[in-house]
Engineer: 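The following block contains the structure, expressed as structure tokens.
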Amino acid sequence: MQHLVDTTDFSEAQIERIFNDARAFKKEMPPKLLSDKLLITLFFESSTRTRSSFEVAAKRLGASVVHLDPSKSSTKKGESLEDTFSNLCAMEPDGVIIRHEYNNTPRKLADKELIPVINAGAGQYAHPTQALLDYFTILEHFDGDIKGKTIAIVGDIVSSRVASSGIRLFTRMGLNVVLVAPKPFMPEKGLPKYEHIHEVIDSVDIVMSLRAQLERHKAPIFEDYEEYAKEYCITKERFGDREILLLHPGPVMRNIDISNEMLSDPRCKVLEQVKNGVFVRMAILKELLLK
Ligand code: ASP
């Protein structure tokens, strides 16, 4: 039984196989490979893209999906998460897709070895399917040749599980990663760090902009995000005519993370990320459930 708690759970050969499948699925929808499978989703935090993307991916492959709404479940009556999980596993689904505010929840549930657990976002620690779809989008954009390419991650890096998983995956795959953030958003990582975008803009091939994770800040970090935007918003003025691939995991805070104008610029691939997310998740479900 294999789980996906972080991208480190996959070998490089597996990632290659998943991406080959995702590419093939993007060209032509496959037959219903998972028509005898049933997945349960358990999202303890809000989600727009990830939950619907998993559901679309599962249904494209013919699998059934049952959503449990934790706000109406017995965890609200005092049942522990482990007990809720064991009860769901007793119904013999083929996998559980979970999002939770704590970093270690998916690993703790996976360690029970009851069923494949797929992490759809855990605290500030990991969001492996987002990292994989981001990397897939980068590879596709550069036709597989990422040698010597540099990605700048810009924004609230310290609170972002997307950045955390992304940094582990991108560095493993040989991308150069640089971090651009104001001090309160900068993590303790052994990577090149900058406070201003203009310091790196001429030497990067990819910019990944991130939302300020307000829900994870114990106290407000910036009073005024319009002031923050003056330094960190990705605008046409900042990009100029440089050929830079612009990514963002969503939700985008318009004119704070990325300007309206840049969101409709052809260099911005936010919707391509969303589109690729379905194919990558289809390939991941196939990899984990058809063993
Ligand atoms: N959707 C991503 C996540 O769940 C990014 C974000 O919320 O800013 O982590």
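Just the heavy atoms: all of them, side chains too, but no hydrogens, waters or symmetry mates, feed the values below. All ligand and atom numbering here is 1-based and tracks the order in the structure.
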Engineer: Check side-chain contact (heavy atoms from CB on, under 4.5 Å) between Ser80 and all other residues, then give those that pass, not counting sequence neighbours.
Structural biologist: Glu82, Asp83
Engineer: May I ask you to say whether Asp265 pairs ionically with Arg267, meaning some side-chain N is under 4.0 Å from a carboxylate O?
Structural biologist: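 Judged by the 4.0 Å cut-off on N to carboxylate O distance, Asp265 and Arg267 do form a salt bridge.
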Engineer: Decide if the gap between the ring center of Tyr228 and the ring center of Phe185 is smaller than 6.0 angstrom.
Structural biologist: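 Yes.
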Engineer: Protein residues near ligand 1, heavy-atom distance below 4.0 Å?
Structural biologist: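 Within 4.0 Å of ligand 1, protein side: Arg99, His127, Arg161, Val162, Arg211, Gln213, Gly250, Pro251.
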Engineer: Can you tell me how the ring of Phe222 sits relative to the ring of Tyr225, calling it parallel under 30°, perpendicular over 60° and tilted otherwise?
Structural biologist: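 Taking Tyr225 first and then Phe222, their aromatic rings stand perpendicular (interplane angle over 60°).
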Engineer: So does Lys26 pair up with Glu272, basic N to acidic O under 4.0 Å?
Structural biologist: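 The answer is yes: the pair qualifies as a salt bridge.
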Engineer: I'd like to know if Glu45 and Arg216 make a salt bridge, using a cut-off of under 4.0 Å between side-chain N and carboxylate O.
Structural biologist: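 Salt bridge between Glu45 and Arg216, a charged N being under 4.0 Å from a carboxylate O: yes.
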